[in-house]
Every structure is written in structure tokens, then in C-alpha cells.
There are 2 protein chains.
Amino acid sequence: MTKKSPSPEAIAAWARLVRVSRQLVERTEDALKASGLPPLAWYDVLHELAEAGEGGLRPFELIDRILLAQYSVSRLLARLEVDGLIEKLPVSDDGRGQTVRITASGREMRRRIWAIYGASIADQIGDRLSAQDLKTLASLLGRLRDPPASE
Amino acid sequence: MTKKSPSPEAIAAWARLVRVSRQLVERTEDALKASGLPPLAWYDVLHELAEAGEGGLRPFELIDRILLAQYSVSRLLARLEVDGLIEKLPVSDDGRGQTVRITASGREMRRRIWAIYGASIADQIGDRLSAQDLKTLASLLGRLRDPPASE
DNA sequence: TTCATATAAATGCAATTGCATCGACAAGGA
DNA sequence: TCCTTGTCGATGCAATTGCATTTATATGAA
């Protein structure tokens, strides 16, 4: 096991990355709260389910797409169901599981959240960097994805 | 009140930013947990206090430096004190407040956390981008800081 | 079949967080 | 001095989270 020391540039980039992303998310959450809307996590689920279409998704598929623990997804879906934003259907070929589908209210809620969320992205990112810089940023970040499980 | 729509580039950059930073932090937290060490938030406090030197810091100064709510800092400090990593001193010219100072154990703990934290930064950031790219990344992120409180 | 193991999803319980408020002191005007 | 308002930090309580485990079903080997 080798202990490594990060370069000053790496430390600086890390600090900025963590701090900035926290601020961006926090501001967005605040904006949603101020509008009486649910948190971003709800949007993520509604978004994935909307993308998935009529077939819906199994909870475990949702877990891979949004980065949440199994129990978090389980509870999140329970709340979304109580609010009528999704529906759970038994799945024929696997008695353990279920399929989750977005409802009409769910689509409507997704739209309402996006009005705020999208504006927040535009304010905080879109208006501050050129399209070219945004591409550069996304590309650099892309190289940090999916670190191969270290040792 | 104007509702804006973000460009596709902005959406892509946002998604990457949020997702990547979450993954990086999560992996680091996991590494700390695996080593039986406390969470990153503890490091942040110990780091600030170490920087501050013998004079220590008032809790409200800490609040500005690390991005945490007042009650979070209050409780975090209480835990750090129980573990003997910091000490709270009454402050002479303000009977309401206190000064928080890092202890020797606190410095030791900071060192131990950094062994893991630093390695995680090197693994996840330092080894993946050149010094030049790291500077570019930090610079782009820098332009996203401190959004002027929107309307 | 039968049994051992694996996977899907939910949940009991303890720990943590967020919200609102409180208690204590400070600051400044009347 | 007295009173109002503001700031510092802590905390009661409800909601949420994390961990470990449970329940239910599937899968595959013997």
C-alpha cells in the first residue's frame, strides 16, 4: 500500500470542485424550498422515470442511475407514491420486484421543478461560462468519473 | 421575474459537476470510514483551526470558512471537544462567545486524516489530470463561485 | 425435489440533521 | 439607567438518514 501526496494543483482543484458544487446544489435546493417544491432527489427520480417511458423502471435500475443507497431509494419511492407522483406495479416474471412508473401528476411535478431547477442552472452555470468553456469543463470532469475501485 | 432555460452545454456540465463531485467525496468518506477515521467535516474544522494557530477561532468565524449551518458547527464542535481534539476557551471581551483551539490530539488526528484524504485526492484527481489541466479546471470552477444572491 | 445461496425491496432502531427557538450577553438610543 | 434590538451559541423536537437485518422470492447445484 503506497501513500501518495497530492500536488498543490490537485489540492486546489479539489477544494474548488467540492466547495463550488456544494454551493451550487445548496442554492438550487434553497430555490426549490422557497417555491414550496420538493428536493432535487425527487426530480432525479421523476426524470429517470420520464425517460424510461411507459415501461417504467425497477427500483434497482434506479439505484444505478441516481447515486443513492438502496434504502434511500426505497423510502424515496414510498414518499413519491404517497404523493401520487409515481405508481408501483407488480412485475409478472419476478415476484420479488416491482416496476415503478411516473404518473400524470408526476410529470406535472417534474415540469414545475424544472422551471426552478433549469433557471438555477442557467443562472449559476450557463450565464457564467461560454459554451466552449462549458464543454471544456465537462470534458475535464469526465476524466474524473468512475475511478476504478482503488486497490 | 424571468424564467430562463439552460443551454444543453450548461445542463451537461452541471450534471457532470454534481455527479462527479458527489462520487469523489463519497469515495473519500468511504476510505476514511474504512480506516476508522471521522468524516471530512472533522478535517475541515481541524484544518481551519490549525491554520488559525494559537489564537484559535470563534465558532462564527468557522461558519464562514466551512460551509455549514450554525447548529451543525455547534454540534460538530461539541463532538470534537468530547474527543479532546479541540478545546473551548471563554473569550474575555465577549461574554457570549468562546474561542476554539486545536489540541495536540487534534493536530495528530488531522495528520492521520490527511494521510487518507490526501491519498484520495491524489488518486482521484492528481493522477488523472495534468498540472495544466488541473489549473484550467480550478480556473473554470473559480468563475462559478459566489453567485451574487439572485434576486 | 430439496437445500443453500443470492437478489429485490422494506424496515426497526439508533444516530444525525434541520427547523425553530431559547438563553445569555452586547450595543446603542431615549 | 432602562429598554429595544441584535448577535452568539446551544438545544428540544420532529424528520431524515445510515446500518443492519428481515421478508420474500429466485436460482442453481446436488
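Residue numbers begin at 1 in each chain, while the letters A, B, ... track the order of the sequences.
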Can you pull the ring-ring contact (aromatic ring centres under 6.0 Å, His included) pairs that have at least one residue in residues 60-83 of chain B, sequence neighbours excluded? none
Assert: residue with more 5' nearest nucleotide on DNA chain D, out of B/Arg96 and A/Asp94, is B/Arg96
Would you say a side-chain N or O of B/Lys33 is under 4.0 Å from OP1 or OP2 of D/dC19? yes
Which residue, A/Asp93 or A/Tyr71, contacts DNA chain D at a nucleotide closer to its 5' end, judged by nearest heavy atom? A/Tyr71
OG1-CG distance between B/Thr103 and B/Leu80, expressed to the nearest 0.5 angstrom: 9.0 Å
Residue pairs, two or more places apart or on separate chains, that pass ring-ring contact (aromatic ring centres under 6.0 Å, His included) and touch residues 83-105 of chain A: none
Among residues two or more places apart or on two chains, list those pairs meeting ring-ring contact (aromatic ring centres under 6.0 Å, His included) that have a residue in residues 18-37 of chain B. none
Whole-Å gap separating P (D/dT17) and CD (B/Glu29): 16 Å
If a pair satisfies ring-ring contact (aromatic ring centres under 6.0 Å, His included) and one of its residues is in residues 86-119 of chain A, list it, with sequence neighbours excluded. A/Tyr43-A/Trp114, A/Tyr43-A/Tyr117, A/Trp114-A/Tyr117, A/Tyr117-B/Trp14
Just grab all the side chain to side chain donor-acceptor pair (under 3.5 Å) pairs involving residues 74-92 of chain B, residues at least two apart or on different chains. B/Glu87-B/Arg101
Could you list the residues that satisfy side chain to side chain contact (heavy atoms under 4.5 Å, CB included) with A/Ser139, not counting sequence neighbours? none
Just to be sure I understand the geometry, which residues of residues 74-90 of chain A put a non-hydrogen atom under 4.0 Å away from DNA chain C? A/Ser74, A/Arg75, A/Lys88
For the side chain of A/Gln70 and the base of C/dA8, is some donor closer than 3.5 Å to an acceptor across the two? no
Does B/Arg111 have any side-chain hydrogen bond (donor to acceptor under 3.5 Å, both in side chains) partners at least two apart in sequence or in another chain, and if so, which? B/Glu108
What parts of residues 40-63 of chain A reach DNA chain C, counting only heavy atoms under 4.0 Å away? A/Arg58, A/Pro59, A/Phe60
